[in-house]
Q: 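Once you've had a glance at the structure underneath, I'll fire off some questions.
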Amino acid sequence: MQEPVSGDTNMASPPLKTSVVNPAANPRRMRRIIAEDPEWSLAIVPHLSELCLQHIVSNFEKNPVVDRLLPEHQRKVLDRISTGLPLTVTANLISDEGYWKRCCTERWAVCDVSRYGGSWKRMFFERHLESILKYFIPNTTDPNQVLEVIPLCKEYVRKLEIDQFLPPVKLDQNKEEDDMSDSGSDVGVDEFCMHHYDLGVLTAALSHLEELHLTYGVKDCGMNFEWSLFDFTYQDCCSLANAFKKCHALKVFKLCRSKVDDEKTRVLIRNLLDHPCLVELDLSHNLIRDRGARAIGKLINRSKLEILNLCNNRIRAPGAQAIAHALGKNSTLTSLNLRINCIEDEGGQAIGHALLTNATLTSIHLGGNELSEPTATLFSQVLAQNTALTSINLACNHIGLDGGKQLLEGMSDNKTVTEFDLRLAEVGQESEYLINQALKANQEIARLKTLYQPNSLEEKSPDLD
Amino acid sequence: MSRAALGEGEPEGPGQLRRPSLNSEEQEERIAARRLRIAARLEAKRREALGEDPDAKKAEAEELSRSHQQIEESRQRLAKLLNDGTQLVTNIQVAADARETQRRAEEDELKRQRLEKLENESKTNQDKFEEITSKWGSAKEKTIPQDLWDVLNLQQQQCALLIEEKNKLISELQQELKSKDDWYVKDLKKQSDDINLLVERMEEQIRNLMKTYRRELTQIEKAFELERRELLSSNKKKWEQAMQAHNAQELANLITRMQKVEEYEKQLNQLRVQDAEEYTTIKIQLENDVQILEQQLQQMKAIYQLNQEKLEYNFQVLKKRDDENTIIKSQQKRKLNRLHDVLNALRMKLAKQIKQFQEENQTLTADYKRIVEQYKDLQRTMRHFAVIDAQKFLELWLMNEEEAKGLAWKALEADRVIHTQQLGLPWVEPDSWFLDNVGPIVHRKAIRSASKLAQEVMALTESSQQEEEEEEGVEGGRKEAEAEAGEEVKPPRHISVKSVKHILELLCDESGFLIETKLLGLLQPLERHERSLMRLDAIFAALEIDNEDDVYMLVDFFLTFKAQQVVSSQSKEWAEEQGPEKLAVDSADNDEGSAALKEEGTAHQSSAASPSSLLFHPDDVLKALKAFVRDFQKPRDKRPQVKKVMEERDNSKDSEYWEALAHVIPEPKLKVWDALEAALEKYYSVLSQRAKLLTDLDGLQQQNTELHMLLHQYVTSKVNEELLIPPTHVIELTPP
């Protein structure tokens, strides 16, 4: 807990002003009006209401009274009460943003309220919960610490961004050996003790949870590095997958840099199938291979997924083919990222074919996928036919000069694509330049379109400028 | 920029010493501090506004050509810069990606090679291992320890060989691992370099972008400024022109307005004065009205009160009266009933009495006839007696006159004696007419009544005779009286008595309607002459003719009326002229004095009037009468009523005569007599007093003598001597 306790003295100071024994000693105290202090009053004897409010403030923890006060008195009380008050008192009682702003600014130096929907209270509780979970050490930290917070913050938490899960402390290894022996059979002898905190209870309680960003790993480990610190165990995966089931409002799920392999992917996808709300799935920087990709392909058509990020995985041609197959029938997905995989020409061609029929996908990233000329010929066709695509990235491939020419040909017929990245794709400077010219023309068209229909394409205007 | 931040920030700032403090003791300093703060705030606000300004203008600028161009250029430049920048930044990522893919490809290749190598290794080793394991069986069969040892040694060597090979592989792999570690470290370094580069580039990019953005912004602003200035100048020009025009217009308007204002002011003043006057007059009038009305109100109130009281009183009175009336009514009713009874009784009585009176009437009419007869006889005898009385009166008069004259003469004689004997004055005999007068004094009255005239006219012959008799009696005495009597029945010169009579007769016959029917009935039993007289009386009453003059006027009117109507039939006139002529001759006997004059008048008149009067047709009477009534009604009304003095004889002169006779001794003479009498009386009284005194003296002398005797007796009496003090001593006796 990092709650500052220094606020108490600040809070108590204004009422103390009036109760000083010898006011004449300080000339400032004898002034009738102090323009900087709206509370100031020369009255030696403060008003009864003032005294009452003072009492309420000082005894707020024992007897929280806010709702029954007059609006101006409420204001005063909320301005004066300490930010160090226990959350059990304040959480569900105080809805005033000013108070929570004070809480946030005192606790964290950097506060960007725009990321939390403009709500200081939400920010406070999300970050509070995140900090608890970040420093939660299984079997060492009291689980009640989390459970106590849940009823307080369940109404306000929408997003959880946890970039570190601490593993159990190694000293306890021997003690817990018996418990873990049965469960850790398929994970390996070393990982029996590496299970992280189970989110199931939490997600079940947080009914408003919409975004979940998880990274199973340890930050700032320094010289204490061990591989085991970064393990995402099968049991972790199972518990996470179970947690999804209870989390119906979830829209965005990100699980990055967590060594998710095919098995774990399949487990997760199985639980994500037919999810009512899920819109964005980010499994970048993992170890997903073709089987996992196939499972994801299945998911594409059995959910409302719009954004799919699979960059830096181990997907090869079969996986790409599976995804392309799904893409051919899909009408929800708008963005697909397969950067740094190895789908090669077979996969590239499959995706190209899929894009000939698909009419919703607007952005595709196939950078660093060992693609070559055949894919380029197919994409020139796609460029000529498809009118939905606006952004294509084929950087870091081996397209070659001929492929570049073909793409240029396809580009000459296209009026919608505004971004086409062909850096380090060996297409030749001439083709790249001409393609860029075409892109500029398209950008101009798109810009004018947004100018005339500012409402329909509003979100794209910043890109164009 | 919260208030607290400013408030707390300032005093802690570096300029604390120099700047005035908010918490200082002096009020001035605090005020100054606050002023500074307000100025700072305003400055900040202004800067904020300025910062926003270009943005706002940017949105607006689409239409403006110059600024638009500038913006477009800037936009393109910036877009290019942005693109280039992002490319520059992302290049690193792309390069890293490429490297990664390359590394992966190499890694794959190496892995594959390694796996192959390992597989080969394991295969060979497996063979070797199998060889060794197969040798274990042969080794078991060995019973000789030497062999066994050899075999075991061999086995050991082979195993060692195997292990060595394995170790070699391991060391190779470890070497590779080490190199990989180095690679990793290198990669890490490279990546950190990359990241540093990335950051550097990003910062560079941001700096660049900011710089260019700022520059572009200033350029755009400049463009705007220029345009604005141009616009301003052009607008200013326009504005000035418009202003000038406007000013001229304004001036003209102002002048007209001022004129109008003056005009209106004048009118206003005029109106005000007028209105004020009107107002005051109306006010005064109204106030007067109010006062009057108030007065009236007060009066009305008073009247109202008075009326109320009156009415109340009246009401009370009426109430009482009503009560009384009810009582009276009841009484009257009772009375009525009683009177009804009385009436009935009286009716009965009346019927009885009517009968009785009718009888009585008959008897009375009979009586009346008889009495009339008697009355005529009585008149006759009366006339007879009148003659006798007159004779007697004359005789008596003469006798008395003689006696009176005798007395007068006696008195005169006495007077003469007094004068001559007593006074010693010469006596003059008084000369008086009455001493010569013998017989009664007779004179006539001037006016007679109409009926009298009518009567006289009708009974012309009789009255003339009678008058002759009378006149004969009086004749011899007076000439004046005779002149008067001569005019007795004489109508005005132009109207003859005959014609008057004729007209009256006509009138009597024709205007019977003027007489009351009752009277006609009553006149029926009378004889003709009487009846006609009565009738005439009634007619005159109806026509309101009661004077002799009126009658003559009537007659005159008739005649003139006739004369106007008829001027014909001359022959008849002449034939009938004889009648009036005779009448005039007859009447001339009566009028001795003026006979000649009258004759002339009548003759003159008769030529015109008398024929007409004779010709006066009874049918014309009515018309004439109508005309007369119409014409004469008014003048006659004005005429004072002549008092009728009905007198047989005027005896006023008689008393005068007798008075004169009585006062044959005049008043001064009587006074002389009175004075003489008084003096004589006094003389007599003195004489009588003297006589009385003489008798008294005689008595006193006698008494004196008697008293003398008595005194003498007393003095001489014996008593005196007996007394102590005799009175004789006291009384000094003096002889009388």
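Letters A, B, ... mirror the listed sequences (proteins, then strands); counts begin at 1. Note that the structure is a prediction, hence the values are computed from the model and not measured.
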Q: Taking the basic N atoms (NZ, or NE/NH1/NH2) and the acidic carboxylate oxygens, is any pair closer than 4.0 Å for B/Glu225 and B/Arg228?
A: yes

Q: Do you know which of A/Asn312, A/Asp421, A/Asn393 has the most heavy-atom pairs under 4.5 Å to chain B?
A: A/Asn312

Q: If you measure from the Lys or Arg side-chain nitrogens to the Asp or Glu carboxylate oxygens, is any gap between A/Arg447 and B/Glu72 under 4.0 Å?
A: yes

Q: Taking 4.0 angstrom as the limit, do A/Asp79 and A/Arg102 come out as a salt bridge?
A: no

Q: Thinking salt bridges, do B/Arg75 and A/Glu444 make one under a 4.0 Å N-O criterion?
A: yes

Q: Main chain of A/Arg339, side chain of A/Asn337: is a donor-acceptor contact present, judged purely on distance under 3.5 Å?
A: yes

Q: Using heavy-atom distances under 4.5 Å, tell me whether B/Gln93 contacts chain A through its side chain, its backbone, both, or neither.
A: side chain

Q: Side chains of A/Asn442 and A/Thr418 only: does a donor on one sit below 3.5 Å from an acceptor on the other?
A: no

Q: Give, as side chain, backbone, both or neither, the part of B/Asp108 having an atom under 4.5 angstrom from any heavy atom of chain A.
A: side chain

Q: Do you know which of B/Asp97, B/Asn83, B/Asn91 has the most heavy-atom pairs under 4.5 Å to chain A?
A: B/Asp97

Q: Of all the residues in residues 169-187 of chain B, which have a heavy atom that comes within less than 4.5 Å of a heavy atom in chain A?
A: none

Q: If only side-chain N and O atoms count, and only distance matters, is there a donor-acceptor pair under 3.5 Å linking A/Tyr433 with A/Gln437?
A: yes

Q: Of the backbone (N, CA, C, O) and the side chain (C-beta and beyond), which part of B/Arg99 lies under 4.5 Å from a heavy atom of chain A, both, or neither?
A: neither

Q: Would you name the heavy atoms of A/Cys111 and A/Cys104 that are closest together and state the gap between them?
A: SG-O, 3.7 Å

